[in-house]
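Shown next, in structure tokens, is the structure this report addresses.
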Amino acid sequence: MIIALHNRQARQIFLLAVCLCLQLFFCFSISPLYQFEGYDVVIFKQMADVILKGGTPYLDLNDNKGVLLYALYAVGQSIPNSKVGVFLICAVLFYISVFYWSKISQLLLPQSNQRWMVLWIGICFYTILQKLGGLTEDICLPICSYALYIGIRMVYTNQPLSKRHSFVLGLLFTILVFIRLNNIAYVIAPLLWAGGRKLKEKKRQEIPSLIGFFLLGGISVAFVIYGVMYGCYGWTGIASMTNSMFLSLLRYQGLDYTPDLLLQTVNIGIQLLFFGAALMFIKGMKASERMVLRFAFVLSILNMVCLGKRFYSHYFILFVPLYFLLACLFTKYANTTIRSALILLLLFPFAYKTHNVCRMLICEDQIHEEEFYRATDEMVNVIPMEDRNQVFNYGYTFSILEVLHRNGIVPCNNHPLEMDQNADFKQDQAGYIKSKWVIITEDKYRSIQADSLWKSDFRIVSAAKFKNTQENLYVLKNIK
């Protein structure tokens, strides 16, 4: 018993070490090895800066993600001048995901070598499909993996969804809503499946209790979140959060958006490949495994519906637990040759990702990043410390946000990017005239040169120029 426990502990420590290494080398945005901050992550860090500096999230700086995401980043950034905090949080969250993948494999696969193999397949899938790290999909992955485990155990063992699990799913549902609303499919699927089963068994009277416990769990978390928001920021903070999290997100997912059909097709193609591979062995499957396959199909459809028309490459992360589940069913019945072929197939994109890591660590990508940061840090140094709360981001680009974050500056305009160009954005944009300093991109600078107001009130005091002139940035001072 002691030896078995020791081995089990050693396996978990080994998996934790693997998760730390993967996050360290492959997740550029959060890893301490790289200076690069990266796209969405820099907005999350700017929102966390607002919280840490005593500002009001969504009011002082606006974004359409949930407040729990920014609170988590604020905890990570409480370690000053370091990416270590956020990195450790993300690494532990990924380990929790892998832990529940291993629990699913223990349910479905009898042999230890099969469980280890499919676990490596899941880890490879995540490594290949993740994009920079630290995104909402990465943060939500452990919750989705745990909810999937609850659903698979319910379906595979043919047991009803307990009230306790229904309550827990309600808790997780609200947590996901306050991270990112689109990521809720995994916690809804078990409840829908359980409700459908009750209808089939003609036990409709039990459905209200399941829904009631689910709502109780969800409302209890929402009550705490809104209570904390009211205590810290009052009704203004609650109104700003609600508007950004729900209304702005709905506008962002607007009907005028043209979806990326290529990415959607690739996603559906991967799922069809796995479903097709699993269906090859359906005659030899047990009835419980066929039910798992049906549950996976329901989850697949629900996940695509929840993600909506906008589909970016990092959304693939939310399908990794589903890919892992299908790989479990496939691995159980496939022969050694087919399993080996699958692993070899995964090695090619994994090798490509490793090549990117090498470029970031030792080649031209890292050199370019260092030149960019050195030039922009020198550019921003002209702004006195007492004026750094009066810097207007007129470029609305990730590069400017990254420069501001590196130098501890939260822009004085509310909208960091040109995503939601409604009346609030246009009013916010017009506020540059009242600011003392403006950071602007090359293309924006060219567009305003004919504007007499800019010519009379602002002048360039520093710049960061590069071989690619489109990357040029300028600092303008209000001389009026």
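Positions are given from 1 along the sequence. Keep in mind that the numbers below use all heavy atoms, side chains included, and drop hydrogens, waters and symmetry copies. Treat the numbers as computed from the prediction; the structure is a model and nothing was measured.
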Measuring only between side-chain heavy atoms, which start at C-beta, is [X] closer than 4.5 Å to [Y]?
X: C90; Y: D138; value: no
X: V391; Y: P411; value: no
X: V320; Y: F316; value: no
X: M245; Y: K65; value: no

Would you mind writing out the side-chain donor-acceptor pairs for residues 377-385 within the sub-3.5 Å range, not counting sequence neighbours?
{"residue": "D377", "atom": "OD1", "partner": "N407", "partner atom": "ND2", "Å": "3.3"}
{"residue": "D377", "atom": "OD2", "partner": "R406", "partner atom": "NH2", "Å": "2.7"}
{"residue": "N381", "atom": "ND2", "partner": "D377", "partner atom": "O", "Å": "3.3"}

Without swapping roles, check the side chain of Y186 against the backbone of L318 for a donor-acceptor pair under 3.5 Å.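 Between the backbone of L318 and the side chain of Y186 there is a qualifying donor-acceptor contact (under 3.5 Å).
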
Could you check whether any side-chain N or O of N303 sits under 3.5 Å from a backbone N or O of L299, counting only pairs where one atom can act as donor and the other as acceptor?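 Not a single qualifying donor-acceptor pair exists.
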
Applying side-chain contact (heavy atoms from CB on, under 4.5 Å), can you list everything that pairs with [X], at least two apart in sequence or on another chain?
X: N389; answer: none
X: V168; answer: Y146, L172
X: L132; answer: F28, S29, F36, Y39
X: S145; answer: S97, Y100, W101, L141, P321

Testing the basics here: between C306 and I184, what is the closest heavy-atom pair and its distance to 0.1 Å?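 What the structure gives for the nearest pair is SG-CG1, 3.9 Å.
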
Aromatic contact, F99 with F94 (centres under 6.0 Å):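 No, ring centres 6.0 Å or more apart.
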
Pair up each side-chain donor or acceptor in residues 43-55 with any protein partner under 3.5 Å, not counting sequence neighbours, and list the distances.
{"residue": "K45", "atom": "NZ", "partner": "E37", "partner atom": "OE1", "Å": "2.6"}
{"residue": "Q46", "atom": "NE2", "partner": "I409", "partner atom": "O", "Å": "3.1"}
{"residue": "D49", "atom": "OD1", "partner": "Q77", "partner atom": "NE2", "Å": "2.8"}
{"residue": "D49", "atom": "OD2", "partner": "H405", "partner atom": "ND1", "Å": "2.8"}
{"residue": "K53", "atom": "NZ", "partner": "G408", "partner atom": "O", "Å": "2.5"}

Is it true that the side chains of N62 and S244 contain a donor and an acceptor less than 3.5 Å apart?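 Side chains of N62 and S244: pair found under 3.5 Å.
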
Pair N182, Y315: side-chain N/O donor-acceptor within cut-off below 3.5 Å: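 Side chains of N182 and Y315: no pair found under 3.5 Å.
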
Could you tell me whether K332 and E289 make a salt bridge, using a distance below 4.0 angstrom between a side-chain N and a carboxylate O?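 The answer is yes: the pair qualifies as a salt bridge.
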
